[in-house]
Amino acid sequence: MLIVERMVEMCELSEAFAEISGGEGRLVVLTGASGTGKTALLQAFGAELPVAARFWFAAGAPAESQQQLGVLTQLLRHAALEDSTDLSSAEALLALGEAESQRGAMSAATAHRLGAAIADLARQQSLVILVDDVHYADAASLQILSYLLRRLPALPVLIVVAEPLGPPALPLTFQAELLRFPKARRIGLAPLSAEGVADALTGYVGGDSAARLAGGFFEVTGGNPLLVRAVAEEFYRKIERGDSSGRLEEGGVDDLADGDALGQAALACLYSGDESAVRVGSAMAVLGEHATIDRIVRLTGVELCVVKQVVRSLSAAGLVAAARYRHSLLGAAVAKRLPVIERIALHQGVAALLFDEGRAAVEVAAHLIAGGPSTEPWAGRVLRDAATEALRNDGTEFALECLRSAACACVDECERTAIDLIRVAVESRIDPAFASRWLDRLVASVTAGHLKGGDVLELTQYLVWHGRLEEAEASLSVLADGPGSTDWHTVDAIQATQSWLRFICPPLAGATPTTHDTQDRNWLHRPSVGRRPGATEILLAVIGTGASPQTVTVLDELLAGWSWKNSSSEEALVSLLALVYAGRSDIAVQWCDALLRDANLLRAPSRAAFLTCTRALIAEHQGDPILAEECASQALGLISVDGWGVAIGAPLAILISACTTTGRTDSAASWLSHPVPGAMFHTPFGLNYLHARGEYQLALGRSSVALEDFAACGDLMRQWNIDTPTYLPWRTSAASVYLALGDHARARELAEEQRERPGADTPRVKAISLRIAAATRPPRERPALLQEALMVLSKTKETAESVRALAELSQAFRDLGVSGRARSTARKAWTLASSSGLEVLCTQRLSTDLMAHLHVIEESDADLGEAATLTDSEMAVARLAALEYTNREISRKMNVTVSTVEQHLTRVYRKLGVRGRKEIGLVLRMYIAETA
């Protein structure tokens with residue numbers, strides 16, 4: 001390790017030593033930047049000298065530079081330890097010289113006699129004098145060395161002095177002596193190459209691992225031998241403890257900054273220079289990526305020429321490139337090891353410097369935070385701006401740090417209110433429940449006049465979310481009663497809040513201040529619009545008047561252009577809801593899954609919770625209650641219950657409905673016992689909850705109670721102008737109650753009403769309407785309507801409604817006395833239900849005699865043609881494949897491996913004589929819609 005890539009230099013030193021055997025001395029000046037291994041090379045050379053050679057070693061140090069004859073004392077003491085030569089004469093003269101130095105200065109006569117004594121010793125035996133860091137040597141010692149240098153041509157002495165790379169640090173007289181000697185050699189040391197780093201690491205981690213690690217080590221250390229050795233030794237200790245074994249394959253670079261070795265070694269390089277080197281290196285570490293020559297000068301007050309010299313020296317050492325540390329880990333390690341008071345002062349200085357330059361708030365804020373409480377009048381505003389920007393870029397932790405620092409610098413109530421409002425936004429990103437603790441103070445700030453304009457509107461949204469509707473209305477009243485604003489930002493905020501409230505809390509929508517630029521809610525039906533509509537406006541149009549032909553295109557474009565950094569998460573969520581309620585769950589699921597992956601990567605719990613709940617809604621609309629329940633349950637676990645606010649009705653409604661559909665009414669009852677805020681029933685989430693509760697009551701046979709929930713749901717939907725069956729098909733749900741009560745006329749009336757509503761032509765809603773309408777008709781008219789419903793469903797992935805329609809079609813055939821068709825259709829219903837976990841849903845709709853024949857296949861009853869040879873599992877796989885489920889989706893639904901699905905499909909292809917999924921689809925769609 002000590003002499004890696006130093007063989008050439010070692011050879012030069014050995015040659016110089018060999019040349020003194022003729023009685024003529026030699027001088028070698030060894031130069032190199034800090035940490036490049038000058039000391040290690042000198043020690044390695046000294047260790048290889050022959051035993052017969054006399055070897056004296058000394059090292060200068062800043063603390064001893066004023067101690068006269070300090071270096072010479074080290075040389076003589078080293079000589080006394082190394083051999084038994086009589087040094088009494090030289091030591092006596094040394095004592096005399098020290099005594100004279102204490103009285104002022106060593107006399108020329110004493111210096112001459114001391115030099116002569118050493119020369120006499122050299123004549124007796126070859127002498128090697130090695131002086132490390134000679135620039136720190138005291139003047140008296142340099143005087144003796146100068147004496148020897150002038151007599152080198154006649155002395156068998158090798159003098160090797162090591163000095164740093166950079167501007168001359170030695171006294172001019174001694175520099176002149178070095179330059180005067182004609183046979184002096186100069187040897188310069190450079191940092192190690194990447195290959196040299198690998199060689200150095202081999203002794204610690206072995207050759208194979210060294211080759212993998214070398215690139216990372218070189219990238220961080222620049223090949224500086226001091227740094228390489230320090231971090232290699234620490235890395236080796238970590239491997240022995242088992243801390244880094246898993247990182248070897250990754251290059252181990254991140255581990256270099258974990259310990260203290262990197263920073264300590266880098267600081268050692270700085271402190272080997274003078275005070276200006278320490279100041280420049282420390283400033284560079286704190287400046288980080290902002291480090292430039294000009295900024296270092298302004299931050300430290302060190303003269304420009306000196307800064308440039310230090311930067312050149314550190315660059316030669318491999319630590320610096322382009323006036324900044326070559327790797328961020330290296331700079332961070334140095335900053336970490338600085339004295340706390342010094343580091344804080346530097347961060348405060350950098351913050352002021354960057355602010356004066358007009359740099360971005362997040363850049364200034366990082367140093368304000370690191371520098372502790374600031375008294376600068378601009379600090380609070382910068383920290384708030386930085387928190388807002390960090391929130392846009394999903395930097396919630398940094399945003400909270402900014403706000404904590406801003407609170408320490410807060411000077412008045414208006415500033416504290418601004419901090420509280422941003423804090424609510426940031427903490428809501430993690431869990432809205434965390435943010436609720438600041439709402440009381442913000443509400444008081446509205447009354448006190450500390451919160452105005454768009455900030456009041458923002459607060460209103462948080463109050464509504466947490467069910468504090470009266471305070472939200474009061475806040476809006478304060479804004480409405482205030483002076484009108486012509487500020488377009490406020491006007492846009494008012495319009496956005498109006499749209500948001502029309503969906504989230506329609507009763508409060510009218511409380512927002514009026515503006516002169518109202519937006520036409522039916523923008524989708526206008527021939528042209530002045531601006532691109534937002535997602536909330538589109539959603540309101542979809543659930544209010546139905547989707548237009550361009551709705552899906554516009555939503556797809558909105559999501560394609562959306563990003564976590566440049567848009568709000570609400571925009572994406574609302575766009576997904578609009579797609580679902582437009583009847584395009586197939587598109588919504590693709591976007592939702594992609595957004596969920598990003599949310600999980602960003603570690604944004606509340607976003608992930610709301611997206612997972614949306615995924616549950618999509619599954620519900622695709623007739624997959626098993627997946628819907630799984631996603632809704634997962635969503636509830638991602639944030640606290642209080643964090644859901646009034647939106648708690650969304651996941652609860654899905655869970656209640658899913659449990660009811662799968663026949664687990666006890667589980668549904670458990671979810672219904674969950675406390676919900678009263679304000680929820682003033683929001684659409686309350687509508688979902690009412691509808692799900694009505695389904696549960698109907699499943700238990702409580703028809704009148706169920707009807708009350710469906711009716712209440714319908715009344716509110718009409719009142720809020722969101723009465724489309726794609727949102728909630730409350731009419732057919734109520735019709736199911738009337739069917740249970742025997743009132744077929746009223747049920748038929750509601751089914752027909754639903755078929756006339758906007759959005760009734762979407763496959764799911766159309767199939768539900770046809771199925772309910774069939775139940776209101778005479779037996780002979782039912783099969784046609786149910787077969788039409790199945791034909792509509794065959795183009796979708798809707799499973800639950802397909803099971804209902806097949807089961808009811810089986811009953812219709814039974815009631816007509818067509819027992820064979822009844823049993824074969826029942827068999828189809830059971831095959832689909834059993835492959836989807838919907839056996840209870842199927843059983844509830846089939847009579848006892850049909851259930852008894854489900855597992856008996858008779859050729860006369862099962863009009864399946866060649867498909868009759870398929871096993872139950874093969875039929876289930878074929879049915880799902882025909883509905884365009886992927887192999888992975890089929891495996892999840894049937895709880896088997898993907899390999900098993902592939903094997904079933906192979907046998908299906910062979911038995912039916914088809915070549916792929918498309919032909920299976922044709923056979924089985926006919927099987928569902930016609931053969932039945």
Side-chain angles (χ1 to χ4, degrees), residues 29-38 60 62 65 133-136 162-172 174-175 178-179 186-192 219-227 262-263 265-335 337-338 342-343 345-354 356-357 359 363 367:
V29 179
L30 183 63
T31 61
S34 179
T36 51
K38 298 185 295 295
S65 61
D133 288 332
V134 69
H135 58 294
Y136 288 131
E163 64 175 349
L165 186 68
L170 288 166
L172 292 177
F174 189 74
Q175 290 181 43
L178 294 176
L179 294 172
R186 287 192 171 269
I187 300 176
L189 296 184
L192 303 179
E219 181 184 358
V220 175
T221 65
N224 184 284
L226 177 63
L227 269 62
L262 183 63
L267 280 176
C269 290
L270 297 181
Y271 278 96
S272 68
D274 57 14
E275 182 185 355
S276 61
V278 176
R279 291 171 63 187
V280 170
S282 300
M284 198 183 302
V286 174
L287 277 164
E289 63 180 8
H290 300 297
T292 63
I293 296 289
D294 176 63
R295 290 190 180 118
I296 294 171
V297 170
R298 286 188 287 151
L299 183 62
T300 62
V302 178
E303 293 184 2
L304 176 62
C305 61
V306 176
V307 171
K308 288 183 176 180
Q309 290 171 352
V310 172
V311 169
R312 280 196 294 269
S313 177
L314 294 176
S315 297
L319 275 65
V320 169
R324 66 188 59 160
Y325 284 100
R326 62 177 292 115
H327 197 285
S328 59
L329 290 180
L330 180 56
V334 172
R337 299 299 302 171
L338 292 176
E342 180 182 346
R343 185 169 65 245
L346 283 170
H347 277 297
Q348 291 175 343
V350 173
L353 187 150
L354 295 179
D356 290 341
E357 291 182 3
R359 302 289 298 187
E363 298 175 6
H367 293 282

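Just the heavy atoms: all of them, side chains too, but no hydrogens, waters or symmetry mates, feed the values below.
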**Asked** Does a sphere of radius 6.0 Å around CD in Glu342 hold more than 12 heavy atoms from other residues, nucleotides or ligands, not counting ones at 6.0 Å or beyond?
**Response** yes
Spatial distance of atom [atom1] ([X]) from atom [atom2] ([Y]) [nearest 0.5 Å]:
{"X": "Thr221", "Y": "Leu226", "atom1": "OG1", "atom2": "CG", "value": "10.0 Å"}
{"X": "Thr31", "Y": "Leu189", "atom1": "OG1", "atom2": "CG", "value": "7.0 Å"}
{"X": "Leu353", "Y": "Ile296", "atom1": "CG", "atom2": "CD1", "value": "10.5 Å"}

Decide yes or no for [X] and [Y]: does some side-chain heavy atom of the first lie under 4.5 Å from some side-chain heavy atom of the second?
{"X": "Val280", "Y": "Met284", "value": "yes"}
{"X": "Leu172", "Y": "Gln175", "value": "yes"}
{"X": "Leu270", "Y": "Val334", "value": "yes"}
{"X": "Ser272", "Y": "Asp133", "value": "no"}
{"X": "Leu346", "Y": "His367", "value": "no"}

Please identify each residue that fulfils side chain to side chain donor-acceptor pair (under 3.5 Å) with [X], with sequence neighbours left out.
{"X": "Ser315", "result": "none"}
{"X": "Asp274", "result": "Ser276"}
{"X": "His135", "result": "none"}

Has [X] got a side-chain atom pairing as donor or acceptor with [Y]'s backbone, closer than 3.5 angstrom?
{"X": "Lys38", "Y": "Ala162", "answer": "no"}
{"X": "Arg326", "Y": "Leu319", "answer": "no"}
{"X": "Tyr325", "Y": "Val220", "answer": "no"}
{"X": "Asn224", "Y": "Ala317", "answer": "yes"}
{"X": "Ser282", "Y": "Arg279", "answer": "no"}
{"X": "Glu163", "Y": "Val134", "answer": "no"}

Taking all non-hydrogen atoms of both residues, which atom of [X] and which atom of [Y] are closest, and how far apart?
{"X": "Leu329", "Y": "Leu262", "answer": "O-CD2, 3.9 Å"}
{"X": "Ser34", "Y": "Ala268", "answer": "OG-O, 4.3 Å"}
{"X": "Gly60", "Y": "Tyr136", "answer": "C-CB, 3.6 Å"}
{"X": "Ser313", "Y": "Ala33", "answer": "O-CB, 3.5 Å"}
{"X": "Gly35", "Y": "Pro225", "answer": "O-CD, 3.1 Å"}
{"X": "Leu227", "Y": "Ala266", "answer": "CD1-N, 3.9 Å"}

**Prompt:** Leu178 and Leu170: side-chain contact (heavy atoms from CB on, under 4.5 Å), yes or no, with the steps?
**Reply:** CA-CA 10 Å; Leu178 294 176; Leu170 288 166; 3.8 Å; yes
Acceptor/donor pairs from residues 286-293 side chains to any protein atom, 3.5 angstrom cut, sequence neighbours excluded:
| from | atom 1 | to | atom 2 | distance (Å) |
| --- | --- | --- | --- | --- |
| Thr292 | OG1 | Arg295 | N | 3.1 |

**Request:** Identify, with sequence neighbours excluded, every residue that meets side-chain contact (heavy atoms from CB on, under 4.5 Å) alongside Gln309.
**Result:** Pro167, Arg312
**Request:** Return the set of residues passing salt bridge (charged side-chain N to carboxylate O under 4.0 Å, His left out) with Asp294 (not counting sequence neighbours), or none when no residue passes.
**Result:** Arg298
